[in-house]
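The structure appears below as structure tokens.
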Amino acid sequence: MKYIFHVLLILTLFFAGTVQAQEADSLISLDDVEFSSGADTQVLDTSLTEDVVFTDGQDSVAQDTTAASAVAATAAPEESKSLWGIFIAGLIGGFAAFLMPCIFPMVPLTVSFFTKKSGSKGKAVSQAFLYGLFIIVIYVALGMLITIAFGAEALNALSTNGIFNFLFFLLLVVFAASFFGAFEITLPSSFVNKIDSNSDKSGLIGLFFMSASLAVVSFSCTGPIIGTLLVEAATKGERLGPAVGMFGFSLALAIPFVLFAMFPSLLKSLPKSGGWLNSVKVVLGFLELALAMKFLSNVDLAYNWQLLDREVFLALWIVIFGLMGLYLLGKIKFSHDSDLPYLSVPRTVLTIIVFSFVVYMIPGMWGAPLKSIAAFLPPIGTQDFDLSSATHAAPAASADASSRKHYTHFHSRATIKGFDPYYDYDEALAAAKAQNKPLMIDFTGWTCVNCRKMEASVWSDPKVRNLINENFILVELYVDEHDLKLPEAEQYVSKETGKKINTVGKKNTDFQITRFQSNSQPLYAIVGADEQLLVTASGANYDIDSYAAYLQSAIDAYKAK
């Protein structure tokens, strides 16, 4: 049944970048990241990564070239997966934009223009191909401008910055209101008219301005989709993310124009324009609103407001998707909607999926894991009423747990049930030496989507949970913890970044960068008593058997050592 829910999630994934099942961690290479096997990928606060210079000398405190090379070895494939995820999100967004009322009715008119003006099918196809190519060039250029304007480092900072996350929340709410019909987001009319007037020119210049006209005239429909995609791509910390996302978006938008120019008879098979086009906008508006809650949750978690706990978040999603289902049934109407005399088959199927998804979420109000959407939800520790907690007893050796550093701050609302970690590296290292066990370092974050997915889908598995509890000392290091200030005596200036380290989050960030040359979460590093890596550091791995084998290889390496 959960696979049916994934059909609905694919729509949401465009907005959430949540093609996360395919995304991967990215490392200090600021080139390509996405949400995949380790990446939603949570990227660190760049206030710490600015001016980072990695030398090949040996820093007496943190620089470990062996660890750095081991971590770097996994960067390329993870980055590739990350960019693929962003590209797929762009494709989904492009196909959704094609069904918008600002674009769909223009297809027959545009194709007719090519076929009548050209005089021959070959010329019509070549002009349509150039038209599509210019669409791609325009949108990819927009993506590149985002990176150039902000810089890769600034884009990295967005994912954990509370102010930006709150602004993204407000932005998506505005986009949702626009899709609901409250207002239209349009470009200045003088600019639109100027672009449109140039489309009458002949040759390549005319085709270019025709493509530009499509972009500006349809902005009221595509603007929210483009904005959401750029926000998601940017907050993944990928240097090429915005450009790759725009390439996927524009490719999906351009393909139909070229395809219908090659086979004009296919136009007859297109459904007629009508009220269903506005329904597409409204459904996307509900999805925008659902995604906006995730950005607000990021702020709530990072600053410990405790306003949007897991059950509150789920209640909001249940209401949002419930209203979407009622809208699809025709029980709710917006200002631009037409009368709905009957339900079409596609609309009926989508309604069934939406209401099934709502029913699926309801047990989560009492602590059900909801693994299919766990990556979006606040940590299970924020749940006030959790019936599942009795089935996940913490390890027996936890009598002194409450006296551990930062335990009361993190454990009750952050740690997945059934684990009993430390939250300070030095304290955990001392415990690992005393108990003669390897130390498992979990670099995580409040806003790390794939961290939640790993915890709910992999760490919750009895085999993995037992391996970690019985064979490792676990330390969870939150890189985006802004609420805990370091005592004056523990504050310092980073040798690598030159920045003042005055919070627990900045300390953990600085440690991850200087020790492992990594800036993404989750990152799992397993070290021995000498603080050297026993196995290559790993990002998220959603294959339970593979991850269990990874843990076992670290255990074997420790015993052999």
Side-chain angles (χ1 to χ4, degrees), residues 42 44-45 47-48 159-163 165-166 296-313 367 374 377-386 389 392-395 397-432 439-449 451-452 454-456 459 468-469 472-492 500-512 521-524:
Q42 185 59 24
L44 301 183
D45 185 343
S47 63
L48 291 171
S159 62
T160 58
N161 186 287
I163 295 175
N165 272 272
F166 188 71
L296 183 60
S297 174
N298 288 347
V299 183
D300 179 77
L301 289 168
Y303 291 96
N304 196 24
W305 293 346
Q306 299 187 35
L307 298 175
L308 204 61
D309 290 344
R310 188 174 184 267
E311 66 269 30
V312 177
F313 186 97
L377 303 179
I380 188 68
T382 65
Q383 184 105 16
D384 293 327
F385 185 55
D386 183 5
S389 59
H392 298 299
S398 59
D400 66 337
S402 60
S403 64
R404 295 174 189 170
K405 206 168 185 179
H406 311 313
Y407 184 89
T408 55
H409 180 80
F410 287 108
H411 191 77
S412 62
R413 67 192 186 100
T415 301
I416 183 175
K417 300 296 186 294
F419 290 89
D420 195 34
Y422 289 79
Y423 302 97
D424 179 78
Y425 174 76
D426 293 328
E427 192 176 45
L429 181 63
L439 176 62
M440 181 175 179
I441 309 169
D442 171 22
F443 288 102
T444 184
W446 293 111
T447 59
C448 175
V449 173
C451 300
R452 303 293 85 78
M454 277 293 295
E455 292 163 2
W459 280 29
I468 295 176
N469 285 335
F472 298 94
I473 295 296
L474 174 64
V475 57
E476 293 188 332
L477 301 181
Y478 280 77
V479 299
D480 54 359
E481 172 53 52
H482 306 296
D483 201 45
L484 279 179
K485 302 294 183 183
L486 292 173
E488 196 74 33
E490 295 182 21
Q491 296 181 15
Y492 64 98
K500 185 174 183 179
I501 307 301
N502 56 8
T503 67
V504 169
K506 289 182 180 179
K507 178 183 177 181
N508 293 335
T509 296
D510 186 60
F511 177 54
Q512 184 181 4
Q521 295 76 47
L523 181 73
Y524 307 108

query = Do the ring planes of Tyr423 and Tyr407 sit parallel (below 30°), tilted (30 to 60°) or perpendicular (above 60°)?
reply =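 Answer is perpendicular, since the angle exceeds 60°.
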Atom pair [atom1]/[atom2] of [X] and [Y] - distance to nearest 0.5 Å:
| X | Y | atom1 | atom2 | value |
| --- | --- | --- | --- | --- |
| Phe472 | Ile441 | CZ | CD1 | 12.0 Å |
| Asp442 | Leu474 | CG | CG | 6.0 Å |
| Tyr425 | Phe511 | OH | CZ | 4.5 Å |
| Tyr478 | Cys451 | OH | SG | 8.0 Å |
| Lys507 | Ile501 | NZ | CD1 | 10.5 Å |
| Asn508 | Thr444 | CG | OG1 | 10.5 Å |

task = With sequence neighbours left out, write down each residue that passes side chain to side chain contact (heavy atoms under 4.5 Å, CB included) with Leu307, or none if nothing qualifies.
result =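 Counting only residues at least two positions away or on another chain, Leu307 forms a side chain to side chain contact (heavy atoms under 4.5 Å, CB included) with Asp300, Trp305.
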request  = Could you tell me which residues satisfy side chain to side chain contact (heavy atoms under 4.5 Å, CB included) with Ala432, sequence neighbours excluded, listed by chain and number?
outcome  =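 In terms of side chain to side chain contact (heavy atoms under 4.5 Å, CB included), with neighbours along the sequence ignored, Ala432 is linked to Leu439, Ile473.
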Please tell me if the side chains of [X] and [Y] come closer than 4.5 Å, counting only heavy atoms from C-beta onward.
| X | Y | result |
| --- | --- | --- |
| Glu476 | Tyr422 | no |
| Phe410 | Leu484 | yes |
| Gln512 | Val479 | yes |
| Ser297 | Leu308 | yes |
| Arg404 | Asp424 | no |
| Trp446 | Asp483 | no |

Measure across [X] and [Y] and return the closest heavy-atom pair with its distance rounded to 0.1 Å.
| X | Y | result |
| --- | --- | --- |
| Glu427 | Ser403 | OE2-O, 4.4 Å |
| Gln383 | Gly367 | NE2-N, 3.6 Å |
| Arg452 | Pro379 | CD-CG, 3.9 Å |

ask   = Less than 4.0 Å between a side-chain N and a carboxylate O, is that true for Asp510 and Lys500?
value =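 Salt bridge flag = no for Asp510 with Lys500.
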inquiry  = Under the rule for side-chain hydrogen bond (donor to acceptor under 3.5 Å, both in side chains), what residues qualify as partners of Lys405, not counting sequence neighbours?
reply    =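 Checked Lys405 against side-chain hydrogen bond (donor to acceptor under 3.5 Å, both in side chains); matches are Glu490.
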query = Within the distance-only criterion (no hydrogens, no angle test), does the side chain of Thr382 pair as donor or acceptor with the backbone N or O of Pro378 below 3.5 angstrom?
reply =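 Looks like no, no N/O pair under 3.5 Å.
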key: Thr503 side chain to Lys485 backbone, donor-acceptor under 3.5 Å   =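 Not at all, since once roles are kept as given, no pair shorter than 3.5 Å links the two residues.
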Residue pair His409 / Glu481, side-chain donor-acceptor N/O under 3.5 Å =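 Per modelled atom types, His409 and Glu481 side chains form a pair under 3.5 Å.
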